[in-house]
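Note that the structure is a prediction, hence the values are computed from the model and not measured. The figures that follow rest on heavy atoms only: side chains count, while hydrogens, waters and symmetry mates do not. Chain naming here is simple, since letters A, B, ... match the order of the sequence lines and numbering starts at 1 in each.
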Protein chains: 2
Amino acid sequence: MSEVAIELFALRGFDNVTVEEIAAVVGVSARSFHRYFPTKEDAVIGDVGPWGEFVRDQFAARSPSEPLWESLHAAFDGLLASSGEQGEREKRGLRVLASTASLRARHREKHALWEKLLIPLVESRLAEPDVALRSRVIVQAAVACFDTALAVWATPGETRSSRELLAIAFDQFDTMGEI
Amino acid sequence: MSEVAIELFALRGFDNVTVEEIAAVVGVSARSFHRYFPTKEDAVIGDVGPWGEFVRDQFAARSPSEPLWESLHAAFDGLLASSGEQGEREKRGLRVLASTASLRARHREKHALWEKLLIPLVESRLAEPDVALRSRVIVQAAVACFDTALAVWATPGETRSSRELLAIAFDQFDTMGEI
DNA sequence: GATCGATTGTCAGAGACTGACAGATATAAC
DNA sequence: GTTATATCTGTCAGTCTCTGACAATCGATC
């Protein structure tokens with residue numbers, strides 16, 4: 001069902017395709033569509049909860065003496081590595097995601113759940129003061145690196161892997177104090 | 001009208017107050033409400049477009065030889081400074097904002113517009129490679145610092161100023177490569 | 001007062017979404 | 001195969017947000 005939705009959205013734009021239409025193409029009722037996807041946006045975004053848990057677990061498995069940013073990078077990289085090589089289908093989904101403001105916003109909101117998972121772990125790796133504030137901005141920056149790397153990966157013409165782009169994004173913050 | 005909305009949302013929760021109810025309390029029709037606010041969420045968020053332009057202008061006015069992150073910090077700090085001392089009313093608005101997913105999402109959507117304004121300027125301050133990717137993550141981190149500083153400022157019991165908290169957030173990225 | 005532009009409210013409707021409920025389907029046990 | 005039960009599905013009515021159309025009202029100007 002999600003694939004049909006993404007196809008239609010890519011073709012005609014997210015806002016120009018109704019839930020009824022998607023459901024009709026798939027051969028179910030709109031009511032059933034809503035049983036599978038809480039919101040229309042979720043047909044594109046899907047349930048990213050398990051991935052967030054995966055990233056958290058990857059992070060938790062890193063050595064506490066490892067530099068924090070490196071651990072975060074490794075955790076997100078681990079997610080990309082475990083997803084295997086992805087192709088045109090995933091890119092199209094990401095492009096649909098980037099095409100509409102409400103989708104982007106909802107996507108980001110979903111990632112906020114990832115932040116909730118990661119922040120306590122990052123907090124325990126920081127020393128006072130202001131652990132709560134600092135962990136939040138660190139985690140948000142990490143999620144931004146992930147999202148942006150994927151968005152760039154999905155842009156037409158991009159040939160580098162998502163993992164390469166993720167590394168570039170994360171490396172930017174190693175040298176932030178120098179630019 | 002916005003104040004009434006925020007009061008009601010703070011009292012009963014964003015999702016439990018209808019547009020009709022707000023309009024009735026204010027003494028206008030729901031149709032008029034929608035003439036003032038494109039969406040229900042905008043009653044809380046308002047039109048933040050001009051603030052984003054302000055930040056962009058503040059950033060554009062910084063010396064190109066100044067460290068980039070410092071310029072970004074100064075730009076957002078300039079916004080807080082120009083807002084003057086804010087109080088309990090603003091805090092309540094921010095708390096309402098943090099209370100509901102749809103509000104947070106719409107708020108993020110609005111801030112994405114700020115990013116659009118800032119990214120070209122940051123790009124012109126960076127040397128290749130990967131200027132497009134790097135500028136995006138930098139700007140997103142800056143916006144995250146701003147948002148998080150304000151969110152922390154609005155938490156009950158917080159006595160520090162929003163500008164102090166902004167500085168703490170931005171300073172985190174000066175030392176990212178060292179933690 | 002007359003004219004014109006701006007504002008407002010009423011109305012109907014679209015689309016996303018939800019709860020209720022009856023019917024259909026799938027599965028397990030006998 | 002039959003029966004019982006759990007699950008799924010579609011229909012329906014309804015809520016809420018939001019929009020366009022249009023008539024009525026308001027405010028400013030002459």
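Looking at A/Lys40, its side chain does come within 3.5 Å of a backbone N or O of A/Phe14 through a donor-acceptor pair. Listed for the A/Thr148 side chain is no donor-acceptor partner under 3.5 Å among the backbone atoms of A/Cys145. Not a single donor-acceptor pair under 3.5 Å links the side chain of B/Arg160 to the backbone N or O of B/Trp153.
The ring-ring contact (aromatic ring centres under 6.0 Å, His included) check on A/Phe54 picks up nothing, with sequence neighbours excluded. In this structure, the salt bridge (charged side-chain N to carboxylate O under 4.0 Å, His left out) partners of A/Asp42, at least two apart in sequence or on a different chain, are A/Arg106, A/Lys110. By the ring-ring contact (aromatic ring centres under 6.0 Å, His included) test, A/Phe170 is found to be paired with A/Trp69, A/His73, residues two or more places apart in sequence or in another chain being considered. The salt bridge (charged side-chain N to carboxylate O under 4.0 Å, His left out) test applied to B/Arg35 returns no partner, not counting sequence neighbours. With sequence neighbours excluded, no residue satisfies salt bridge (charged side-chain N to carboxylate O under 4.0 Å, His left out) with A/Glu128. With sequence neighbours left out, A/Glu3 forms a salt bridge (charged side-chain N to carboxylate O under 4.0 Å, His left out) with A/Arg89.
The phosphate of C/dT8 has OP1 or OP2 within less than 4.0 Å of a side-chain N or O from B/Tyr36. Distances shown here put a side-chain N or O of B/Ser32 below 4.0 Å from the OP1 or OP2 atom of C/dG9.
Contact check of residues 94-109 of chain B against DNA chain D (heavy atom, cut-off under 4.0 Å) returns no residues at all. Near DNA chain C, meaning a heavy atom under 4.0 Å away, the residues from residues 6-24 of chain A are A/Val17, A/Thr18, A/Val19.
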Each nucleotide N or O in nucleotides 18-23 of chain C that has a protein N or O under 3.5 Å away: list the pair and distance.
unit_1 : atom_1 : unit_2  : atom_2 : d
C/dG19 : N7     : A/Arg31 : NE     : 3.3
C/dG19 : N7     : A/Arg31 : NH2    : 3.1
C/dG19 : O6     : A/Arg31 : NE     : 2.9

Every protein N/O within reach of nucleotides 23-26 of chain D N/O, cut-off under 3.5 Å:
none

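Looking only at atom types and distance, the side chain of A/Thr18 has a donor-acceptor partner in the side chain of A/Glu21 under 3.5 Å away. With hydrogens and angles left out, the side-chain atoms of B/Gln172 and A/Arg136 include no donor and acceptor closer than 3.5 Å.
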Pairs under 3.5 angstrom only: tabulate donor-acceptor contacts from the side chains of residues 96-105 of chain B to other protein residues two or more places apart or in another chain.
unit_1   : atom_1 : unit_2   : atom_2 : d
B/Ser99  : OG     : B/Val96  : O      : 2.5
B/Ser102 : OG     : B/Glu41  : OE2    : 3.1
B/Arg104 : NE     : A/Glu109 : OE2    : 2.7
B/Arg104 : NH1    : B/Ala98  : O      : 2.9
B/Arg104 : NH2    : A/Glu109 : OE2    : 2.7

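For the pair A/Lys40 NZ and D/dT17 P, the interatomic distance rounds to 18 Å; values are reported in whole Å.
Under the ring-ring contact (aromatic ring centres under 6.0 Å, His included) criterion, the residue pairs touching residues 87-115 of chain A are A/His107-A/His111, A/His111-A/Trp114, A/Trp114-A/Phe146, with sequence neighbours excluded.
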